[in-house]
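The model shown is predicted, which means the values in this text are computed figures rather than measured ones. Order of the sequence lines sets the chain letters (A, B, ...), proteins ahead of strands, with each chain counted from 1.
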Amino acid sequence: MIIAEELVSSFGEHEMFTAVESVKGYINFRLSEQFLNEYAEWALSHEDAFGRSDTTEKILLEFVSANPTGPLHIGHARGAVYGDTLLRLGRRLGYDITAEYYVNDAGNQIDLLGLSIQLEGQSAVLNMTVEWPEKYYRGEYMTLLAEDASQKFGADILTNASRQRELALWAKDRVMELIIEDLAAANIHFDTFVSESSLYDDWDRVMGKMGDGVYEDDGKIWIRSTEHEDEKDRVVVREDGRPTYLAGDIVYHNQKFEQGFEHYINIWGADHHGYINRVKAAVEFLGHDSKRLEILLSQMVSLLKDGEPYKMSKRAGNVILMSDIVEEIGSDALRFIFASKKSDTSLEFDVEELKKQDSSNPIYYINYAHARIQTILSKSDLTEDTIMASELMGLNADGDALLFEALLLPEVIDDAFHSRQVQKLTDYLKSLSARLHKFYYDYRIIGTEDEAKMLKLFVMVAISLRTGLSMMGITAKDRM
RNA sequence: CUCCUCAUCGCUUAACUGGAUAAAGCAGGGCCCUCCUAAGGCCUAGCUCGAGGUUCGAGUCCUCGUGGGGAGACCA
């Protein structure tokens, strides 16, 4: 505490601060109005650059990557929203980020997709009696795919077992289109799609690159992942020569490192947790620094209905689709809800609760703050020039505090991105909105002496709100 | 059985990464529109799972326990 006091006295006079004081061993700095005013002046005239840093680092961000066997369900939405918010935050800061979707279009699931469509088609389109196997995909979209396939290729495609593969390959492209639509409805867009099946051509070369990292035993090829903290070595090529899923992932990650990104971020569902070590091991064997590969886990979403656990099952057909929720509550509300939660806590929510579109959703609170600003601006008789020509000086303490918080946005964006915790942004927006609402309630604006500068202050707040919301793929409302 | 992860008002979540009196929203009780949208503001009540430990200082770090979720495939 004594040290703090000595430090304070050594600061003396500095034009950036009006006051430096020692409180209980902490040092409080009070920024001067000149400083806030100049910073705001800059932000107002450089809205697009407000929040930008000087980085130009190239990053690859891979997320969602749900299997192309069905439309996205509500569980996928969390990772999608989380990833897209990070993407927007990073881009705002100036990072050169590529958003990539890894399409798992190889392996058993594709065979299963073909089989499922045939069975569904035989049952629903051709009215045949079918014997359902233990595992298969089902849902409304399966019927539609079967109908389309039958139209396009003839009914033979639904009954001829030798055409399953042809059917599956056609169907997975159709399903990808559905997925892309689901994402677009929530304002999520990808730059690149990498197909798993296209990677295996490169397998021999990549395997060679790993050198002693792989070995042959028992007729199979294994990776020495135990050398990198995995519990056991993993098979990468089966006895019959077919590569495993891991092989595809190894080629995929090698490709990323060869493409020269400086940093790689993958967002996986928490159920893939045990997979991290083996992928990192492969990256090391390939001669790359696995520290540049960052794997973020998005925890599971568990659903409740009327307080009871609600299990989604593709077989039972009670899957809650992302598109249904988007349609019901809107993309903005959905995104806000998911972005508000730390990604590493498992999230529980009630389906009915989610569907309630009322003021309990903070998105309305923030939009209302933005809309109030627009309304009051349009009600004022002052011209834009008059407002902008005023100086943000001599505001009362609440005004200064509001201005300060509005100018904090760049810090928040930086912090939210680098800590990978997007809820910091939603917290900030809630807090800024609360301060705006209170200020609005406490002080009359129109017709007062300080009208111009208070409106200018509001314009600044609106910029921060609008920019913050845009980081979440939400367009601020001018009217409620 | 082993490993990972989480646990904060009645409910859903925050807490500047080890710092100041733990904070919001819903739900509960009460108050405020002759005044720029009351989709707002203000009161009020209520919280760190348990036991140890490290530290000037712990919701945050360590150990053990309890309780949820996940993983332990030559499925993806």
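Using P as the reference atom, B:C61 and B:A73 are 30 Å apart when rounded to the nearest Å. B:G46 sits 33 Å from B:U54 when the P atoms are compared, rounded to a whole Å. Across B:U55 and B:U60, the matching C1' atoms stand 13 Å from one another, rounded to whole Å. Of the P atoms belonging to B:C26 and B:A39, the separation is 13 Å, rounded to the nearest Å. Comparing the same atom, C1', in B:G29 and in B:C9 gives a spacing of 16 Å after rounding to whole Å. Separation of the C1' atoms belonging to B:U37 and B:C33 is 11 Å when rounded to the nearest angstrom. Comparing the C1' positions of B:G65 and B:A7 gives a spacing of 14 Å, expressed to the nearest Å. When the C1' atom is compared between B:C32 and B:A38, the two are found 9 Å apart, to the nearest whole Å.
In this structure, B:C3 forms a base pair with B:G70, meeting either the Watson-Crick or the G-U wobble geometry with both donor-acceptor distances under 3.5 Å. B:U37: no Watson-Crick or G-U partner with both key distances under 3.5 Å is found in any strand. Across every strand in view, B:C47 sits unpaired, with no contact that passes the Watson-Crick or G-U test at under 3.5 angstrom. Using N1 to N3 plus N6-O4 or O6-N4 for Watson-Crick, or N1-O2 and O6-N3 for G-U wobble, each under 3.5 Å, B:A23 pairs with B:U13.
Taken to the nearest 0.5 Å, the CG atom of A:Leu199 stands 8.5 Å off from the OH atom of A:Tyr252.
When the P atom of B:G72 is taken as reference, atom OH of A:Tyr275 falls 11 Å away, rounded to whole Å. Here B:G72 presents its C1' atom at 6 Å from CD of A:Glu231, a figure rounded to the nearest Å. Whole-Å rounding puts the A:Asp111 CG to B:A76 C1' distance at 12 Å. Distance A:Glu229 CD to B:C4 P: 11 Å, rounded to the nearest Å. A:Arg435 places its CZ atom 14 Å from the C1' atom of B:A24, with the value rounded to the nearest Å. At whole-Å resolution of the value, CG in A:Leu429 and P in B:G25 are 15 Å apart. One atom, CD1 of A:Ile276, and another, C1' of B:G72, lie 14 Å apart when rounded to the nearest Å. In this entry the distance linking CZ of A:Arg278 with P of B:A76 reads 12 Å, nearest Å.
A ring-ring contact (aromatic ring centres under 6.0 Å, His included) with A:His437 is found for exactly one of A:Phe458, A:Tyr368, A:Tyr364, namely A:Tyr368.
For A:Asp202, the side chain to side chain donor-acceptor pair (under 3.5 Å) criterion is met by A:Arg205, not counting sequence neighbours.
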Legend entry - Worked check of side chain to side chain contact (heavy atoms under 4.5 Å, CB included) between A:Leu402 and A:Leu432: CA-CA 7 Å; A:Leu402 182 57; A:Leu432 179 60; 4.0 Å; yes
Inset, instruction - Just do the side-chain hydrogen bond (donor to acceptor under 3.5 Å, both in side chains) check on A:Ser195 and A:Ser197 with the steps written out, would you? - result: CA-CA 6 Å; A:Ser195 119; A:Ser197 61; 3.2 Å; yes
Inset, instruction - Please lay out, stage by stage, how A:Phe285 and A:His228 fare under the test side chain to side chain contact (heavy atoms under 4.5 Å, CB included). - result: CA-CA 10 Å; A:Phe285 287 133; A:His228 292 278; 3.9 Å; yes
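For B:C33, the base adopts the syn conformation, since its glycosidic angle falls within 90 degrees of zero. Nucleotide B:U44 is shown with an anti base, its glycosidic torsion being more than 90° from 0.
Checking B:G70, B:A39, B:A76 against every side-chain atom of A:Tyr364, the shortest atom distance belongs to B:A39. Side-chain atoms of A:Arg234 lie closest to B:A73 of the nucleotides B:A76, B:A73, B:G41. Side chain of A:Lys232, nearest nucleotide from B:A73, B:A71, B:A76: B:A73.
Side chain of A:Asn367 to backbone of A:Ala476: no donor-acceptor contact under 3.5 angstrom is found. Here the side chain of A:Arg52 pairs no donor or acceptor atom with the backbone of A:Pro410 at under 3.5 angstrom. Under a 3.5 Å cut-off, the side chain of A:Ser390 and the backbone N or O of A:Ile387 do form a donor-acceptor pair.
Nucleic acid contact for A:Lys438: sugar-phosphate only, since backbone atoms but no base atoms lie under 4.0 Å from a heavy atom of the residue. Using a 4.0 Å heavy-atom distance criterion, A:Lys477 is classed as making no nucleic acid contact.
Classified by interplanar angle (parallel below 30°, tilted 30° to 60°, perpendicular above 60°), the ring pair A:Tyr245/A:Tyr275 is tilted. Between A:Phe63 and A:Phe190, the ring planes are tilted. Angles from 30° to 60° get that label.
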List, with names and distances, any nitrogen or oxygen atoms from the protein found under 3.5 Å away from nitrogen or oxygen atoms belonging to nucleotides 30-38 of chain B.
from	atom 1	to	atom 2	distance (Å)
B:C35	O2'	A:Arg444	NH1	2.4
B:C36	O3'	A:Lys379	NZ	3.0
B:C36	O2	A:Ile446	N	3.3
B:C36	N3	A:Ile445	N	3.1
B:C36	N4	A:Tyr440	O	2.6
B:C36	N4	A:Tyr443	O	2.2
B:U37	OP2	A:Lys379	NZ	2.5
B:U37	O2'	A:Tyr368	OH	2.8
B:U37	O4	A:Met480	N	3.2
B:A38	OP2	A:Arg372	NH2	2.3

What's touching nucleotides 15-18 of chain B from the protein side, N or O pairs under 3.5 Å?
from	atom 1	to	atom 2	distance (Å)
B:A15	OP1	A:Gln423	NE2	3.1
B:U17	O4	A:Gln421	OE1	3.4

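Residue A:His272 and nucleotide B:A76 are classified as a stacked aromatic pair, their ring centres being separated by less than 5.5 Å at an interplanar angle below 30°.
A donor-acceptor pair shorter than 3.5 Å can be found between the side chains of A:His253 and A:Asn266.
Comparing A:Gln109 and A:Ser433 by the nucleotide of RNA chain B that holds the closest heavy atom to each, the one mapping nearer the 5' end is A:Ser433.
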